[in-house]
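In what follows, every heavy atom counts, from backbone to side chain, and hydrogens, waters and symmetry copies are set aside. The first residue of the sequence shown is numbered 1, and numbering continues consecutively from there.
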Amino acid sequence: MGITSNFDENAIRKGFDAFIDQVEIQQIKRLQLFGEKSVTEARNNRGYMMQTGALLSSTGYTIFKDGV
């Protein structure tokens, strides 16, 4: 008499995939929060002399997932 499983392997895979999706969503939210705070900090507490406005207008961030 051996041990037999009473679960579906595909159900476990779906559970892991759903978990990974939620982790990715939370990571993107954290990166977005960090990006917004970084831009705010850079614009409010700039440590450079504003001459043309080019540095201020180029301050920003981008989040890529799978190259997109």
J.: Under the 4.5 Å side-chain heavy-atom rule for ILVMFWY, direct or indirect, which residues accompany Ile20?
T.: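 Besides Ile20, the cluster holds Phe19, Val23.
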J.: What's the separation between atom NZ in Lys65 and atom CD in Gln27, rounded to the nearest 0.5 Å?
T.: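 Rounded to the nearest 0.5 Å, the NZ-CD separation comes out at 9.5 Å.
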J.: To the nearest 0.5 Å, what is the distance between CG (Asp17) and CG (Asn10)?
T.: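 Those atoms lie 10.0 Å apart.
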J.: Within a reach of under 6.0 Å around OH of Tyr61, are more than 12 heavy atoms found that belong to other residues, nucleotides or ligands?
T.: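 For Tyr61, atom OH is crowded (more than 12 foreign heavy atoms under 6.0 Å).
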J.: Hey, which of Val39, Thr40, Leu33 is the one that makes side-chain contact (heavy atoms from CB on, under 4.5 Å) with Lys37?
T.: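 For Lys37, the side-chain contact (heavy atoms from CB on, under 4.5 Å) check succeeds only for Leu33.
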J.: Rounded to the nearest 0.5 Å, what separates atom CD1 in Ile25 from atom CZ in Arg30?
T.: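 It comes to 14.0 Å.
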J.: Which other residues belong to the hydrophobic cluster containing Phe7, where Ile, Leu, Val, Met, Phe, Trp and Tyr are joined when side-chain heavy atoms lie under 4.5 Å apart, directly or via other members?
T.: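 Via sub-4.5 Å side-chain contacts, Phe7 links to Ile12, Phe16.
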